Amino acid sequence: MSDTFHTPTAVDPRLLEVLVCPVTRGKLTYDRERQELVSKGAKLAFPIRDGVPIMLAEEARALD
């Protein structure tokens, strides 16, 4: 067994096609630099941890 853990650096584009904002049900955009999915409608950024989008409003970062 390897000690190396591979963390994805990108979100699968097919996943982005089906994921929607849990607050507005609107489209999300991927911010590669911050590793977040952004909902402009809800003004929230949902974190991606270890390649897994965390789609909980209470875990999201508020946008200005």
Side-chain angles (χ1 to χ4, degrees):
M1 199 180 232
S2 173
D3 289 335
T4 304
F5 181 76
H6 176 68
T7 301
T9 57
V11 174
D12 185 337
R14 293 173 294 180
L15 183 61
L16 289 177
E17 290 176 13
V18 296
L19 283 177
V20 295
C21 173
V23 176
T24 66
R25 302 284 187 233
K27 185 177 177 179
L28 297 165
T29 56
Y30 176 49
D31 183 337
R32 182 184 306 262
E33 184 177 309
R34 289 181 175 250
Q35 287 296 294
E36 296 176 326
L37 294 176
V38 177
S39 170
K40 292 182 181 180
K43 296 185 180 178
L44 294 172
F46 298 91
I48 299 171
R49 297 186 188 126
D50 297 326
V52 178
I54 310 300
M55 303 305 294
L56 301 170
E58 52 273 358
E59 293 286 326
R61 177 177 66 83
L63 301 174
D64 296 330

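Quick caveat: nothing in here was measured; it's all calculated off a predicted structure. Every heavy atom of this structure was used, including side-chain atoms; hydrogens, water molecules and symmetry mates were not.
- Scanning both residues, P53 and L19, for their nearest heavy atoms gives CG-CD1, 3.9 Å.
- Among residues at least two apart or in separate chains, there is no side chain to side chain donor-acceptor pair (under 3.5 Å) pair with a member in residues 16-28.
- R34 meets the salt bridge (charged side-chain N to carboxylate O under 4.0 Å, His left out) test with no other residue; sequence neighbours excluded.
- Here the straight-line distance linking atom OG1 of T29 with atom CG of L37 works out to 8.0 Å at 0.5 Å rounding.
- Legend: side chain to side chain donor-acceptor pair (under 3.5 Å) pairs involving residues 51-64, not counting sequence neighbours, sorted by first then second residue: E36-R61, R49-E59.
- Membership of the apolar cluster around L63 extends to V38, as traced through chained side-chain contacts below 4.5 Å between ILVMFWY residues.
- Contacts of V23 classified as side chain to side chain contact (heavy atoms under 4.5 Å, CB included), with partners at least two apart in sequence or in another chain: C21, A42, L44, A57.
- Shown here for Y30 and Q35, the closest heavy-atom pair between the two residues is OH-NE2, 2.7 Å.
- The cluster map of Ile, Leu, Val, Met, Phe, Trp and Tyr, joined by side-chain heavy atoms under 4.5 Å apart, puts M55 and V52 in different clusters.
- Placement of L56 and F46 in two distinct hydrophobic clusters is found when ILVMFWY residues are connected by side-chain heavy-atom separations under 4.5 Å, directly or transitively.
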